[in-house]
Number of protein chains: 2
Amino acid sequence: MKIVRDATLHQRILGDIEARIVSGEWPPGHRIPFEVDLAADYNCSRMTANKVLTQLAKSGLIERRKKSGSFVAQPRAQSAVLAIAEIEAEVQSLRLSYSHIVHARSKRRANAADKQRLELSEAASVLDITCIHQAGAAPFCLEERLISLATVPEAEAETFDTVSPGTWLLKRVPWSAAENRISAVSAGASVAILLDIEKGTACLVIERRTWSPAGPVTSVRLTYPGDRHALVAKFAPGGEG
Amino acid sequence: MKIVRDATLHQRILGDIEARIVSGEWPPGHRIPFEVDLAADYNCSRMTANKVLTQLAKSGLIERRKKSGSFVAQPRAQSAVLAIAEIEAEVQSLRLSYSHIVHARSKRRANAADKQRLELSEAASVLDITCIHQAGAAPFCLEERLISLATVPEAEAETFDTVSPGTWLLKRVPWSAAENRISAVSAGASVAILLDIEKGTACLVIERRTWSPAGPVTSVRLTYPGDRHALVAKFAPGGEG
DNA sequence: CCGACCATTATGTATATACATTATCACCAA
DNA sequence: TTGGTGATAATGTATATACATAATGGTCGG
């Protein structure tokens, strides 16, 4: 049994409804009491009931239809929140010391492959950086990054010796949109050497592309040896978990 | 330039603030106008401004402190929404015909490994199912699943020949909490045979555990040949994307 | 100089009210 | 039976108001 101390009315109503949905007492398709009825049940105003139901609808737990009422939604795709931490924080949470090594860094005019990775239309300069993130003395993750100098010209002056490109960009271009693609690949010869693993080892690969309103920012490929790392994504009907 | 038709006042204020945060015009730490000022700017009531800021705070874009005001938050972990579709839908979105084959199905008293996977404390019966999801004529994904019969006794009567275990459970136990663990592994000999791939091929593995209020429901391990599949997780500052 | 106290200020929650929007349903006429 | 038409019922959005809560900052006394 969950104990709620000092819950506001809003939280109490929200919790009660969530509990009934999650427990199966109100299965998908079941009609939830109308706002006016809820208001009467809890002896509150309709606005309060409305805000609760609006929030439930935003979190996807219920669907609302004018004139018909509110209904428990069909759970569709299992959608979960994936927290991708900064690599430095990740390493430190393993109680290992973090460092990074810039293995290669070059500027060039974008070739066809670069344009596709960054979704660039016109010709532009890009910065190509390869760097290795270390946990203790061992390689932890390989980072292969492309930065669009049209969007982030300040990057050209940066060596990334003291700050890793990811951290630097996060400070420079906060709150941009991103798309992550997660897959598994076998380590090729060059990757195997850089990560100090055997060729063919299964690796978890995250390819992230980031945009700001000014245009494409960066495209990064993070390669983790599969036996050393896993991503965790959680889902809780209420929202946070 | 984004064109907004018929936007409500709420959406307009929200969009304006988001735009200024995302563009960097208001960097992390910057103080957002007080509710009363916002209300004056947009010629609306404080309640409307309050709802907008409350929503921005819930989505993590701003932080609110009593007496001090509201501030643009520091972007911490890149958190993204991972949409894990049902396998059938996933296959069909590739324009391939879907089918599944139940390869093994057995009931037993939970052994030590089972108890750990399901986080069971007492001894209980479990159902162990291995099934292969096919896209066209080729294996697409291997599913190794454990179902707690204490929580879902109806599963014992089900053969899962016509409905896959995942789909069946989604209908039976809606809106439960889940934790997904994503990693990369090399295919072992048995997995390689079942998926018709070479031994050692890199595979993407999703291990999902699901709970209902009544207790642990199921633990499933989905193995995808790495070159045939990827997960996509998106992040947009506003919320949906 | 320093700490206790208190007024101020901004957010947090809730109410009562108003009007807009939109499916649905029932009724009525062709 | 069919099709339109308008009343109705539910949600959607916004306002004005009230009081609670909590942190800040200044004042005053020791």
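These numbers come from a predicted model, not from an experiment. Within every chain, numbering begins at 1; the chains are lettered A, B, ... in the order of the sequence lines, protein sequences first and strands thereafter.
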Q.
If you only use heavy atoms from C-beta on, which nucleotide in C:dT21, D:dT13, C:dA14 is closest to the side chain of A:R46?
A. D:dT13

Q) So what does A:L9 touch, heavy atoms closer than 4.0 Å: a base, only the sugar-phosphate, or nothing? A) sugar-phosphate

Q | For atom NZ of B:K51 and atom P of C:dT13, their distance in whole Å | A | 14 Å

Q.
What is the separation between atom CZ on A:R12 and atom P on C:dA14, rounded to the nearest whole Å?
A. 10 Å

Q. Only one of B:P213, B:S176, B:S212 clears side-chain contact (heavy atoms from CB on, under 4.5 Å) with B:T151; which?
A. B:S212

(Q) What is the distance, to the nearest angstrom, from the CG atom on A:N50 to the C1' atom on C:dT17? (A) 14 Å

Q | Pair A:H100 + A:F160: ring centers closer than 6.0 Å | A | no

Q) Is there a donor on the side chain of A:K67 or the base of D:dT8 sitting less than 3.5 Å from an acceptor on the other? A) yes

Q: Please lay out, stage by stage, how B:Q55 and B:H10 fare under the test side-chain hydrogen bond (donor to acceptor under 3.5 Å, both in side chains).
A: CA-CA 10 Å; B:Q55 183 175 331; B:H10 182 94; 3.0 Å; yes

Q) Any side-chain N or O of B:R64 less than 4.0 Å from the OP1 or OP2 oxygen of C:dA10? A) no

Q: Please tell me which of the listed nucleotides, C:dT24, C:dT15, D:dA14, lies nearest to the side chain of B:H10?
A: D:dA14

Q | Neighbour count above 12 (heavy atom, 6.0 Å) for A:Q92 CD | A | yes

Q: Using whole Å, report how far CD of A:E63 lies from C1' of D:dT11.
A: 14 Å

Q: Take A:E35 and B:N43, find for each the nucleotide of DNA chain D with the closest heavy atom, and name the residue whose nucleotide sits nearer the 5' end.
A: A:E35

Q. Choosing from D:dG12, D:dA10, C:dT15, which nucleotide comes nearest the side chain of A:F34?
A. D:dA10

Q) Of the nucleotides D:dT15, C:dT22, C:dT13, which has the atom closest to the A:T8 side chain? A) C:dT13

**Q.** Interatomic distance where CD1 belongs to B:I13 and C1' belongs to D:dA14 [whole Å]
**A.** 10 Å

Q: Compare all side-chain heavy atoms of B:V52 with those of B:Y42 and state whether any distance is below 4.5 angstrom.
A: no

Q: Measure the distance from CG on B:L53 to C1' on C:dT13 and round it to the nearest whole Å.
A: 15 Å

Q: Would you kindly give the OH-to-P distance between B:Y42 and D:dT13, to the nearest whole Å?
A: 17 Å

**Q.** A:C44 vs B:S70, nearer the 5' end of DNA chain C by closest nucleotide
**A.** B:S70

(Q) How many whole angstroms separate atom CG of B:L38 from atom P of C:dA10? (A) 13 Å

Q.
Check the phosphate of C:dT11 against B:S68, side-chain N and O only, distance under 4.0 Å to OP1 or OP2. Yes or no?
A. no

Q) A:G69 or A:M47: which one's nearest nucleotide on DNA chain D is closer to the 5' end? A) A:G69

Q) Within the pair B:S45 and D:dT17, is there a side-chain N or O less than 4.0 Å away from OP1 or OP2? A) no

